[in-house]
Enquirer: 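Handing you this structure, nothing more for now.
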Amino acid sequence: MGGFVEAFADPTFAVAIAVLLGVLATFAFAFFWRSQRARSAHQAMIKQERDLRRQFDAVVSSARDGVIITTPTADVAMISDAAVRMLSLRREDVLGKSIARLPIRTVDAQSRPILVHEAFAPTSGDKPRVVGVPGRRGAEDVRWLHVRARIIDGDADGVPMTVTTLSDPAGLREAAEAISRSDSQFRKAMENAPTGMALVDLEWRLMEVNRAFAEMMGSTVAALRGTPFSALSHPQDLQAERDQLQRLYDGHQTQFTVEKRYVRADGNVVWAVLDVGLVRYAGGAPDHYIVQVRDSTDDRMHSELLAHRAMHDPLTGLANRTLLQDVLQQVLEQPDAETRVGVIAVDLDGFKGLNDRFGHAAGDSALVYVAGVLRTATAGRGTVARIGGDEFVIVVQDSDCSKAMFDIAGSIHAGLKRPLQIKRHLVHLGASLGIAMADQDLILGGAPGLLSAADAAMYRAKTTGKSRTEVFEPTMHTTRENESALASELARAIENGDLILHYQPILELATRAVVGYEALVRWQHPTRGLLLPGAFLPLLEDRNLATVLGTALVEQAARFLQQSKSDTTWVSLNVSADQLGDSEFADRVLSAIGRHHLSPQRIVVELTEASLVAPNTRIRHELTELRNAGVPILLDDFGTGVSPLSYLRDLPVSGVKLDMSFVAGIPDDPAGARVSRALGALARELGLATVAEGIETEAQAEFLSGCGWRYGQGWLFGVAQPAAAALETNPQVLSSLIDPRPASAQDAMDVAGAVFGV
Ligand code: C2E
Ligand code: CA
Ligand code: CA
């Protein structure tokens with residue numbers, strides 16, 4: 001370093017150096033770190049320049065002293081950058097003009113004005129002429145220059161020229177001081193910089209690196225010096241900076257930024273952001289690159305993580321709604337989408353109940369389990385997404401899409417058949433599936449159209465029995481729209497108490513005496529009229545709402561019984577399995593019985609076979625609780641279930657209701673008649689009360705009565721009526737069962753006891 005500074009004082013060397021002050025100073029300093037190798041590489045490059053003119057320009061322009069060449073007529077033929085700067089001129093004001101006319105003032109060493117052409121006249125010997133160039137800021141503002149001018153004979157064409165060199169000893173001294181000052185500052189700054197820094201030669205070899213850079217590459221400063229920068233690059237990113245380096249070298253850009261991967265000495269990959277600048281000589285010839293390197297591995301991973309997160313469901317890792325829509329839109333834009341693309345909408349059955357009963361953590365693990373079933377069933381033939389609580393969608397892409405969809409649907413149902421262990425319970429999950437193929441009409445609606453079609457089909461599956469698959473057809477849309485409008489009104493209707501019970505009489509067939517009523521729920525809808533349960537109960541997905549409704553209906557039934565003129569009749573309440581399990585319903589029934597001073601046999605619970613035999617011990621427990629308190633349980637739709645008959649013996653059941661599908665065939669359909677007779681015999685054998693429903697004709701009533709069905713209900717005897725109308729008709733006392741004594745609680749017990757055998 002010291003040797004270099006001394007060199008400034010040496011006038012022969014001065015021609016080769018000029019100083020770039022200010023911003024360029026930093027780069028100038030970096031120059032000194034060039035390794036010896038880099039310097040010779042650079043010089044070799046210059047030597048190879050064939051164009052003499054360029055070589056000349058390069059030398060002159062990179063010189064730190066100013067150079068002016070004038071013709072024999074004293075016109076300026078060439079003026080170097082440094083000279084232009086020293087004289088505070090503009091090149092275009094000078095070139096081709098007479099040197100005598102330069103727009104500057106000049107003074108001699110004693111500050112006496114002299115003519116410009118005298119100031120630059122040829123000098124003799126080695127001694128420079130001292131010339132002052134006054135500036136605009138008063139007497140002190142004078143730049144003192146050393147001028148040497150020599151006439152050089154022309155060789156080939158014989159035209160001589162004058163070469164004038166200007167040097168600025170004060171400027172050089174200042175520059176030299178600045179250099180040594182900023183040199184050590186720069187070195188220190190670079191060494192301690194928190195970001196990686198490297199000086200790289202024109203062949204992209206590391207000349208100097210700092211500690212941060214070495215650490216980032218998992219190596220040491222010493223080991224990296226002289227290493228080709230590309231040797232550290234990740235093989236796939238080798239060429240990442242190549243084009244940009246060329247543009248930088250050619251002067252098309254002043255710096256560039258690139259992000260690429262490097263392989264550390266330990267084999268790990270790091271992402272790095274490189275800011276690359278090119279340091280040039282004063283004359284503009286490229287010297288070396290200065291590179292700042294920032295470790296962006298964390299940023300990268302973070303942004304990749306965020307991108308993944310933005311597109312996926314955190315619980316199951318499946319695609320989310322956003323990603324699903326993107327994927328679907330993309331596949332629909334492919335040419336043969338019509339035969340290759342389809343959508344399956346999947347909605348779990350009874351998930352809300354599971355969540356309520358076992359808690360959210362259990363619900364979450366069920367969702368994760370289902371996600372696995374869907375993935376396995378799809379087996380790479382499409383994209384599985386979770387788009388809401390318990391809603392999933394599969395975009396299927398297959399050359400035989402129709403077959404693939406049914407295949408996948410089948411595998412999903414099969415996969416969900418295996419019960420899931422939650423805490424100590426085995427839980428059965430099921431799903432309703434809707435399938436929509438991307439046919440010509442549906443494709444027009446794009447991704448949303450196809451999704452809503454699959455959704456409508458899924459909805460149909462849900463309302464027609466659950467755990468099934470339905471294929472979309474256009475009529476489903478209108479139904480679906482109607483139903484979803486209704487579903488949103490239903491919650492309010494339940495809370496407002498707009499759902500009311502109607503009562504259909506149940507008679508003893510032999511005597512035609514009314515022994516009880518079945519309570520059937522109705523919705524008096526403000527615009528749609530009286531709605532039957534089939535129109536709105538399937539919309540009741542919310543378990544809480546089902547409970548609210550059940551409670552309200554128990555209360556209505558209890559009030560009806562209290563207002564009834566008879567103390568002996570009972571009311572059958574229909575209950576679905578999802579209203580049971582947490583003993584809330586049983587509590588309600590028992591508390592209503594207590595508050596309204598009813599004997600427990602006057603409220604009867606009707607349940608379908610399917611909900612009874614489900615291996616849910618909690619439901620059984622609740623039913624047993626009711627039965628033990630004296631509340632009879634009736635098995636509804638008897639004969640349609642698939643359970644072994646032995647189950648009947650073990651269930652807490654007091655009676656059965658023959659399904660009306662058998663009754664409808666009587667007496668013409670021999671099968672209906674035979675089954676009715678057999679089931680009646682079986683029920684009696686088991687000591688169960690027997691009720692036949694859906695009796696519309698006298699013939700049916702007589703036949704059923706004849707083969708042992710003791711009680712019956714149906715349009716023959718009366719439709720379901722509002723409470724007021726049902727209370728009007730004074731039920732006949734069960735004369736054949738017990739004597740018509742004054743009604744008392746004891747009597748009521750006796751009637752129920754006679755009917756249900758309690
Ligand atoms: P279900 O318990 O089997 O009720 C018998 C259905 O047959 C009733 O339809 C009734 O109106 C109808 N019915 C009565 N007599 C005859 C007849 O002679 N011929 C024919 N063809 N039909 C007759 P509804 O009221 O539409 O009820 C349908 C189903 O809704 C019921 O079937 C029951 O499963 C359910 N349901 C009704 N009310 C409630 C309730 O309060 N809670 C619950 N959870 N379910 C209810
Ligand atoms: Ca019923
Ligand atoms: Ca029934």
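Read the numbers this way: they start at 1 and go in the same order the structure lists the ligands and their atoms.
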Enquirer: Where is the nearest protein heavy atom to atom 43 (C) of ligand 1: which residue, which atom, and how far?
Expert: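 Protein heavy atom with the smallest distance to atom 43 (C) of ligand 1: N574 O, 3.3 Å.
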Enquirer: Output the list of atoms in ligand 1 that are nearer than 4.0 Å to some heavy atom of G714, sorted by atom number.
Expert: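 Ligand 1 atoms under the 4.0 Å threshold to G714: 15 (N), 18 (O).
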Enquirer: How far is atom 38 (N) of ligand 1 from its nearest protein heavy atom, and which residue and atom is that?
Expert: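 Nearest neighbour among protein heavy atoms for atom 38 (N) of ligand 1, to 0.1 Å: V521 N, 3.1 Å.
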Enquirer: Return the residue, atom name and 0.1 Å-rounded distance of the protein heavy atom closest to atom 18 (O) of ligand 1.
Expert: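 Heavy-atom neighbour on the protein nearest atom 18 (O) of ligand 1: W715 N, 2.9 Å.
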Enquirer: Enumerate the atoms of ligand 1 whose separation from the nearest heavy atom of S576 is less than 4.0 angstrom.
Expert: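 Counting atoms of ligand 1 from 1, those under 4.0 Å from S576 are 44 (N).
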Enquirer: Quick check on Q579 - does any of its heavy atoms sit under 4.0 Å from an atom of ligand 1?
Expert: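 Distance cut 4.0 Å: Q579 passes for ligand 1.
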Enquirer: Answer with yes or no whether R522 contacts ligand 1, where contact means a heavy atom under 4.0 Å from a ligand atom.
Expert: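 It does, in that a heavy atom of R522 comes within the 4.0 Å cut-off of ligand 1.
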Enquirer: Quick one: does E622's side chain have a donor or acceptor within less than 3.5 Å of a partner on A586's backbone?
Expert: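 Checked: pair present.
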Enquirer: Nearest to atom 12 (C) of ligand 1 by heavy atom, Q713, E693, M660: which?
Expert: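 Shortest heavy-atom distance from atom 12 (C) of ligand 1: M660.
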Enquirer: For atom 2 (O) of ligand 1, grab the closest protein heavy atom and report residue, atom and distance to one decimal in Å.
Expert: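 Looking only at protein heavy atoms, the one closest to atom 2 (O) of ligand 1 is D636 OD2, 2.9 Å.
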Enquirer: Given T697, L549, L537, which one has a non-hydrogen atom that is nearest to atom 45 (N) of ligand 1?
Expert: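 Among T697, L549, L537, the closest heavy atom to atom 45 (N) of ligand 1 belongs to L537.
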Enquirer: For the pair E698 and R512, evaluate salt bridge (Lys or Arg N to Asp or Glu O under 4.0 Å) and give the outcome as yes or no after the intermediate values.
Expert: CA-CA 12 Å; E698 197 56 57; R512 303 294 163 95; 2.6 Å; yes
Enquirer: Test of geometry: compute the angle OD1(D637)-the Ca ion (ligand 3)-OE2(E693) and round it to 10°.
Expert: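 OD1 of D637, the Ca ion (ligand 3) and OE2 of E693 span an angle of about 120°.
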Enquirer: For residues T569 and L561, report the shortest heavy-atom separation together with the two atoms involved.
Expert: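 Nearest pair, atom of T569 first, then L561: O-CD2, 3.6 Å.
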Enquirer: Looking at the Ca ion (ligand 2), is there an N, O or S atom belonging to E606 that lies under 3.0 Å away from it?
Expert: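 So E606 counts as coordinating the Ca ion (ligand 2), yes.
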Enquirer: Under the 4.0 Å line, does any protein heavy atom show up next to atom 9 (O) of ligand 1?
Expert: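 Under 4.0 Å from atom 9 (O) of ligand 1, zero protein heavy atoms found.
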Enquirer: For the residue pair E584 and T547, what are the closest heavy atoms and their distance?
Expert: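 The pair with the smallest heavy-atom distance is OE2-CG2, 3.4 Å.
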Enquirer: At what distance is the nearest protein heavy atom to atom 15 (N) of ligand 1, and which residue and atom is it?
Expert: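 Looking only at protein heavy atoms, the one closest to atom 15 (N) of ligand 1 is Q504 NE2, 2.9 Å.
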Enquirer: Whether the side chain of S705 engages the backbone of A701 through a donor-acceptor N/O pair (distance < 3.5 Å, no angle test) should be reported.
Expert: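 Pair absent, no side-chain N/O of S705 close to backbone of A701.
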Enquirer: What protein heavy atom lies closest to atom 31 (C) of ligand 1? Include the residue and the distance to one decimal.
Expert: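 Result: L520 CD2, 4.4 Å.
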Enquirer: Nearest non-hydrogen contact with atom 29 (C) of ligand 1 belongs to which option: P533, S572, S661?
Expert: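 Looking at heavy atoms only, P533 sits closest to atom 29 (C) of ligand 1.
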Enquirer: Heavy-atom contacts under 4.0 Å between L553 and ligand 1: side chain, backbone, both, or neither?
Expert: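 The side chain, only.
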Enquirer: Between D637 and ligand 1, find which residue part has any heavy-atom pair under 4.0 Å and reply side chain, backbone, both or neither.
Expert: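 Side chain only; the backbone of D637 stays clear of ligand 1.
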Enquirer: Do D498 and R492 have side-chain heavy atoms sitting under 4.5 Å apart?
Expert: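 Heavy-atom side-chain distance check fails, nothing below 4.5 Å.
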Enquirer: For A720, state whether at least one heavy atom is located under 4.0 Å from any atom of ligand 1.
Expert: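 No, A720 has no heavy atom closer than 4.0 Å to ligand 1.
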Enquirer: Taking R386 for the side chain and G389 for the main chain, is one N or O donor matched with an acceptor at less than 3.5 Å?
Expert: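 Checking the backbone N and O of G389 against the side chain of R386, a donor-acceptor pair under 3.5 Å is found.
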Enquirer: Would you check if the Ca ion (ligand 2) lies under 3.0 Å from any N, O or S atom of S572?
Expert: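 Not a single backbone or side-chain N, O or S atom of S572 is under 3.0 Å from the Ca ion (ligand 2).
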Enquirer: With a 4.0 Å cut-off on heavy atoms, is G534 touching ligand 1?
Expert: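 The answer is no, since G534 has no heavy atom less than 4.0 Å from ligand 1.
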Enquirer: Any N/O/S atom from E518 (main chain or side chain) under 3.0 Å of the Ca ion (ligand 2)?
Expert: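 A backbone or side-chain N, O or S atom of E518 is under 3.0 Å from the Ca ion (ligand 2).
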Enquirer: Using a 4.0 Å heavy-atom cut-off, which part of L716 comes near ligand 1: side chain, backbone, both, or neither?
Expert: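 Neither; nothing of L716 gets under 4.0 Å from ligand 1.
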Enquirer: Could you tell me whether atom 41 (O) of ligand 1 has at least one protein heavy atom nearer than 4.0 Å?
Expert: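 Within 4.0 Å: yes, protein heavy atom nearby.
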Enquirer: Please check: side-chain N/O of D313 versus main-chain N/O of I387, any donor-acceptor pairing under 3.5 Å?
Expert: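 Side chain of D313 to backbone of I387, a donor-acceptor pair under 3.5 Å: no, none is there.
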Enquirer: Charged N to carboxylate O under 4.0 angstrom, D349 versus K462?
Expert: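 Yes.
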Enquirer: With the side chain counted from C-beta on, respond yes when V370 and F351 share a heavy-atom pair under 4.5 Å apart, and no when they do not.
Expert: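 The answer is no; the side chains never approach within 4.5 Å.
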Enquirer: Report yes or no: does T690 contribute a side-chain atom to a donor-acceptor pair with the main-chain N or O of R710 at less than 3.5 Å?
Expert: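 Indeed, once roles are kept as given, a pair shorter than 3.5 Å links the two residues.
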Enquirer: Around atom 20 (C) of ligand 1, find the nearest protein heavy atom and jot down its residue, atom name and distance.
Expert: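 Checking every protein heavy atom, the shortest distance to atom 20 (C) of ligand 1 gives E696 OE2, 3.3 Å.
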Enquirer: With a 4.0 Å heavy-atom cut-off (strictly under), which part of E518 contacts ligand 1: side chain, backbone, both or neither?
Expert: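 E518 to ligand 1: side-chain contact only, backbone stays beyond 4.0 Å.
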Enquirer: Salt-bridge test for E518 and K657: reply yes if a basic N is under 4.0 Å from a carboxylate O, no otherwise.
Expert: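 Salt bridge between E518 and K657, a charged N being under 4.0 Å from a carboxylate O: yes.
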Enquirer: Backbone N or O of L499 within a donor-acceptor pair of the Q556 side chain at under 3.5 Å?
Expert: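 Pair found, side chain donor or acceptor close to backbone of L499.
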Enquirer: Could you check which N/O/S atom of D636 is closest to the Ca ion (ligand 2)?
Expert: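 Of the nitrogen, oxygen and sulfur atoms in D636, the Ca ion (ligand 2) lies nearest to OD2.
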Enquirer: Is there a donor-acceptor pair under 3.5 Å between the side chain of Q713 and the backbone N or O of E693?
Expert: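 No, because the side chain of Q713 does not come within donor-acceptor range (under 3.5 Å) of the backbone of E693.
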Enquirer: Is there side-chain contact between R595 and E555, with heavy atoms separated by less than 4.5 Å?
Expert: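 The answer is yes; the side chains approach within 4.5 Å.
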Enquirer: Anything under 30° is parallel, anything over 60° is perpendicular, the rest tilted; go ahead and classify F358 against H425.
Expert: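 The rings of F358 and H425 sit tilted, inter-plane angle from 30° to 60°.
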